[in-house]
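In this text, all values refer to a predicted model and were calculated from it rather than measured experimentally. Each chain gets a letter, A, B and so on, in the order the sequences are listed, and its residues count up from 1. The figures here come from the full heavy-atom set of this structure, side chains too, leaving out hydrogens, waters and symmetry mates.
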Protein chains: 2
Amino acid sequence: MKVATWNVNSIRARLNNLYAWLKTHQPDVVCIQESKCVDQLFPWKELRLLNYHSVYFGQPKYNGVAILSKHPISSVYKGFTNLGPHEDEQARLISAKVLDTRIISAYVPNGHAVGSDKFAYKLKWLKRLREEYLDTLHSPEERLLLCGDFNVAPEDEDVWDSDVWHNSIITHHSVRNALTHVLDFGLQDTFRHLYPERTQRYSWWDYSRSGFSSNKGVRIDFIFATQPLIDSCQDVVIDTEERAQTKPSDHAPIIATFE
Amino acid sequence: MKVATWNVNSIRARLNNLYAWLKTHQPDVVCIQESKCVDQLFPWKELRLLNYHSVYFGQPKYNGVAILSKHPISSVYKGFTNLGPHEDEQARLISAKVLDTRIISAYVPNGHAVGSDKFAYKLKWLKRLREEYLDTLHSPEERLLLCGDFNVAPEDEDVWDSDVWHNSIITHHSVRNALTHVLDFGLQDTFRHLYPERTQRYSWWDYSRSGFSSNKGVRIDFIFATQPLIDSCQDVVIDTEERAQTKPSDHAPIIATFE
DNA sequence: GAGCCGTCCG
DNA sequence: CGGACGGCTC
């Protein structure tokens, strides 16, 4: 079973890349972030023709999270609550059961600037993810994958220059602590678990200043797994080839293989 | 000698199409309309690498006319006057000598709606083209080509449905008279001169409502020639293949061959 | 429908 | 830099 996560930076702007990528890699499940469209503009039909079921939690302009799956999807939650509509909530979280596994696609707030209102919202959002969501709905014994763009670089080795990124919105101790709190639920970073020695591996590179060509990136996209799945994780790949395509997203997809 | 005219609907949005088209057709001269950029953003270098000299009269956002030539270019006029800068004038007219021929690239105002201020400007513009420009600077005995997007369909056979287009901004008797006045200088439509029987041949099709696929177009782009050149005109082709490419301009190029 | 631009956001 | 979008033109 191949599970992927990819911040596509607008699904409508990424259609060609997405379709080609799905055909090449044939993942069973894909968690998508930053689709940036309302439900009506989501490419439901086209994805179905490529053999994917989709569930989507969208809003106008910003955010938007989806789960694509070759297998039937059930038990879908949108946002922090499954009760009623979500008009007041940013579309950053969607969850579904695929086969025997709970899949969560998360787009953690960027945080704008340390100390800003948006930064406080980011911290609060991560706290809610742990305490209102994981703790309430799930248990660490479940087969559960928390996938997405977390906008946090866990360690200094996860940014290309720790001086440049010192105390930034993705490295500040407060967001690292908030992420640790989430993982303390009983989750591990599949990539780092399998490859503790792999440094200078990133998942996001700025479009400008030739960020990608000189590998000035940060690792902020993850597939986190509970113990039952960590033990069966065979490989995790950051697909830098996709980032090197024409008209790429600024994020690379991550693909984890289980069993 | 191959001379072409093409309303590219933004030269920057049409770079790939333009470069491929130049390589395929290798025209000696190309008159361009609606480049839609200031001089600094015109692709001078790239065109030079493709062996074309360029002269350009641009403005921000709208209009913009160019002449590209494989042969050296001299005696360039921008706008209705060659005196001083043209800050107050829309960039709709450029003229240059290539070999022994005067080439004029013209983008006649669209006219918005019959009776509007813009419609009056269109009529005035065509009158100035004849009386302030052709009559003053040139003679019908010269080897002269007036090329461009005239936003006028001379005859009912030049629109796909004469009822739909009846009394429109491109068929109204006032604009047809204004165009006739220009041609009375001593110019003939090379296409209609060579092929009086060819109907349902158009140069512009609306992007929407599947205009091109059902050939719902209008013929508003022309290569007009003075007598010395009319006699040596061997062929005129409306390049509908280019209009059928991906990401096309809404106008097709016209290519005339002389000698 | 598809260019342009300015403004917002990451 | 490159998304989205609204307002503009054709």
Side-chain angles (χ1 to χ4, degrees), chain A residues 7-15 17-18 33-38 41 58-64 90-92 107-113 116-119 121-122 149-151 168-170 204-213 216 218 220-221 243 246-251, chain B residues 7-15 17-18 32-38 41 58-64 90-92 107-113 116-119 121-122 149-152 168-170 204-213 216-218 220-221 243 245-251:
Chain A
N7 178 322
V8 293
N9 188 16
S10 167
I11 199 164
R12 287 176 294 160
R14 214 65 57 213
L15 289 179
N17 298 56
L18 176 60
Q33 300 88 38
E34 284 208 87
S35 303
K36 290 188 177 178
C37 65
V38 292
L41 297 173
Q59 69 176 75
K61 288 179 97 154
Y62 304 118
N63 311 314
Q90 298 182 7
R92 297 180 172 277
Y107 175 46
V108 175
N110 165 286
H112 183 60
S116 66
D117 287 355
K118 290 179 178 174
F119 193 75
Y121 179 69
K122 177 180 190 171
D149 173 1
F150 289 80
N151 273 313
S168 68
I169 51 172
I170 65 168
W204 178 89
W205 301 259
D206 198 309
Y207 278 121
S208 57
R209 285 162 288 169
S210 60
F212 182 68
S213 59
K216 295 180 176 175
V218 300
I220 57 178
D221 299 86
R243 183 60 177 78
T246 51
K247 227 178 163 289
S249 165
D250 44 357
H251 294 252
Chain B
N7 179 321
V8 293
N9 189 15
S10 169
I11 199 163
R12 286 175 295 161
R14 215 65 58 214
L15 289 180
N17 298 56
L18 176 61
I32 301 267
Q33 300 88 39
E34 285 209 85
S35 303
K36 290 187 176 178
C37 66
V38 292
L41 296 172
Q59 68 176 75
K61 286 180 100 154
Y62 303 119
N63 311 313
Q90 297 182 8
R92 297 182 172 277
Y107 175 46
V108 175
N110 166 286
H112 183 59
S116 66
D117 287 355
K118 288 180 180 175
F119 193 75
Y121 179 69
K122 178 180 190 171
D149 173 0
F150 289 81
N151 273 312
V152 181
S168 69
I169 50 171
I170 65 169
W204 177 89
W205 301 258
D206 198 310
Y207 278 121
S208 56
R209 286 162 286 170
S210 60
F212 182 68
S213 60
K216 295 180 177 175
V218 299
I220 57 177
D221 299 87
R243 183 59 177 78
Q245 299 291 331
T246 51
K247 229 179 163 285
S249 166
D250 43 358
H251 294 252

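For B:Phe150, the ring-ring contact (aromatic ring centres under 6.0 Å, His included) partners two or more places apart in sequence, or in a different chain, are B:Phe224. Legend: residues meeting side chain to side chain contact (heavy atoms under 4.5 Å, CB included) with A:Lys61, ordered by chain and number and at least two apart, are absent. Residues meeting the side-chain hydrogen bond (donor to acceptor under 3.5 Å, both in side chains) test with A:Asn151, sequence neighbours left out: none. For B:Tyr62, there are no ring-ring contact (aromatic ring centres under 6.0 Å, His included) partners, not counting sequence neighbours. In this structure, A:Ser213 has no side-chain hydrogen bond (donor to acceptor under 3.5 Å, both in side chains) partners at least two apart in sequence or on a different chain. With sequence neighbours excluded, the residues satisfying side chain to side chain contact (heavy atoms under 4.5 Å, CB included) with B:Pro109 are B:Arg92, B:Tyr121, B:Lys122, B:Trp125. Here A:Ser10 pairs with A:Arg12, A:Ala13, A:Lys36 under the side chain to side chain contact (heavy atoms under 4.5 Å, CB included) rule; sequence neighbours left out.
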message: Generate the contact string for nucleotides 2-10 of chain C. Rules: B means base contact, S means sugar-phosphate contact only, - means no protein heavy atom under 4.0 Å.
response: SSSS---SS
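Once you apply a 4.0 Å limit to the heavy atoms of chain B, the touched nucleotides of DNA chain D run 5' to 3' over D:dT9 to D:dC10.
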